[in-house]
Amino acid sequence: MQFIDLKAQYTALKTKIDEKIEEVMNHGQYIMGREVGELEEALADYVGTKHVITCANGTDALQMLFMAYGIKKGDAVFCPDVTFIASIEPACVLGATPVFCDITTDTYNLSPESLERQILSVKREGKYNPKAVVAVDFLGNPADYVQIEMICRHYNLILIEDAAQGFGAECNGIKCGAFGNAATTSFFPAKPLGCYGDGGAVFTSDDEVADVCKSIRVHGKGTSKYDNRRIGMNSRLDTLQAAILLVKFEALIQYEIEERQKVAQYYNKALQGKFITPFVKDEYTSVYAQYALLAESKSQRDGVIEKLNSAGIPNMIYYPTPMHRLPVFAQMENYGEAYVNAEQYCSRTVSLPMHPYLSKQEQDYIIEIVL
Ligand SMILES: *Cc1c(COP(=O)(O)O)cnc(C)c1O
């Protein structure tokens with residue numbers, strides 16, 4: 001059994017993927033070939049933003065945005081205490097100070113209350129300039145954009161949506177990737193929309209930000225690669241990966257999102273009452289990048305993991321350590337935040353196999369072992 005069965009997906013899509021790969025091999029435009037533009041157009045059309053700028057990975061996508069917004073030393077950038085480090089790492093590379101906020105107890109996303117408390121604390125201290133917020137669609141479940149957008153507007157902060165796990169989900173009829181001033185996603189193989197290597201993208205409807213990101217993507221280019229206007233990066237999406245993504249994107253929107261939701265509902269039905277199952281708000285959908293259970297206690301969670309391991313069922317903890325306790329951030333100022341929800345979540349969560357090709361028989365077996 002696979003945690004995420006990319007082989008089953010390849011088997012289902014093999015003819016189309018192989019055909020697309022062969023087309024690229026024949027036309028030979030390995031860098032910025034036509035498939036890159038086709039993918040950007042298809043994604044923009046789906047998400048509903050004016051621009052999509054693909055790039056080498058989801059971390060670079062965030063870095064390009066942080067650079068485009070001029071994030072620098074002295075700036076405070078707020079993000080949830082439970083996420084992958086890539087949500088904030090590029091801001092740190094640029095010299096900014098990360099400020100971690102607690103999560104909510106329902107969707108485990110950035111807590112608007114904690115965010116506002118942290119913004120006020122940073123302002124009161126006066127050492128750093130509150131500049132931007134990174135909201136993450138945690139495990140494929142959209143953050144509370146109604147509240148978070150209001151707070152960002154009130155305190156004049158840039159809002160960036162990290163939709164690395166959320167591509168394909170939506171909230172109030174708006175697709176993930178369309179929230180905030182700009183958004184990013186990742187095409188790492190294990191993400192809801194993944195390629196066969198690294199890839200990422202920036203989403204925005206802001207013409208200027210889009211232009212700057214396109215420049216940053218190719219060494220700060222102007223009219224040409226040798227007319228450099230700013231310090232940039234080398235962060236393009238390979239044509240081969242774009243070609244593969246064109247096929248996978250079609251499958252995702254045609255049936256994979258729905259299959260993911262069916263798998264989640266099947267787990268929910270069997271496990272509700274015994275564990276806290278994923279909660280999705282009204283008017284929201286989740287793309288279930290992961291299916292995470294919350295146990296009653298750490299010892300119950302650890303017991304489940306032991307049973308899964310002995311039965312040979314792959315499982316993961318997303319994430320074992322809250323950001324504020326990672327060795328790299330342990331010395332950061334917490335502004336009095338105790339991260340009660342983040343600590344509880346990390347000590348009690350476990351993720352089960354989740355992908356659109358998981359069979360009912362496999363699920364029945366997993367459920368039997370978990371119970
Ligand atoms: C995967 C991930 C990223 C980074 O994506 P890469 O393509 O691996 O650089 C950023 N944020 C979150 C929340 C992620 O899960």
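Given the structure is predicted, the values throughout are model-derived calculations rather than measurements. Start at 1 and go down the list; that is how both ligands and their atoms are numbered.
- In terms of polar-atom proximity, A164 is not counted as a contact of ligand 1, lacking any N or O under 3.5 Å from an N or O of the ligand.
- Close approach of ligand 1 to N57 is summarised as follows: ligand atoms under 4.0 Å from at least one heavy atom of the residue are 7 (O), 9 (O).
- The aromatic rings of F3 and Y318 sit tilted, their planes meeting at an angle between 30° and 60°.
- Proximity of T83 to ligand 1, defined as any heavy-atom pair under 4.0 Å, is confined to the side chain (atoms from C-beta onward).
- For the pair S87 and ligand 1, a heavy-atom separation below 4.0 Å is found.
- Every atom of ligand 1 with a heavy atom of T59 under 4.0 Å away is listed here by number and element: 4 (C), 5 (O), 6 (P), 9 (O).
- Using a 4.0 Å cut-off to heavy atoms of A86, the atoms of ligand 1 that qualify are 3 (C), 4 (C), 10 (C).
- In the model, D102 has no side-chain atom that pairs as donor or acceptor with a side-chain atom of S114 under 3.5 Å.
- Annotation: atom 8 (O) of ligand 1 to nearest protein heavy atom, S186 OG, 4.0 Å.
- Proximity of D198 to ligand 1 is not established, as no heavy-atom distance is less than 4.0 Å.
- For the pair E343 and R325, the salt-bridge criterion is met [side-chain N within less than 4.0 Å of a carboxylate O].
- Residues E40 and R217 are paired through a salt bridge, judged by an N-O separation under 4.0 Å between the basic side chain and the carboxylate.
- In summary, the side chains of Y10 and D18 do present a donor paired with an acceptor at a separation below 3.5 Å, with no hydrogens or angles considered.
- Scanning all protein heavy atoms for the shortest distance to atom 15 (O) of ligand 1 gives K191 NZ, 2.6 Å.
- For ligand 1, the atoms closer than 4.0 angstrom to any heavy atom of V136 are 13 (C).
- What you find for R301 and C346 is that their closest heavy atoms are NH1-O, 3.1 Å.
- A salt bridge does not link E19 to K16: none of the charged nitrogens lies less than 4.0 Å from a carboxylate oxygen.
- For atom 12 (C) of ligand 1, the nearest non-hydrogen atom from the set I88, T184, D162 comes from D162.
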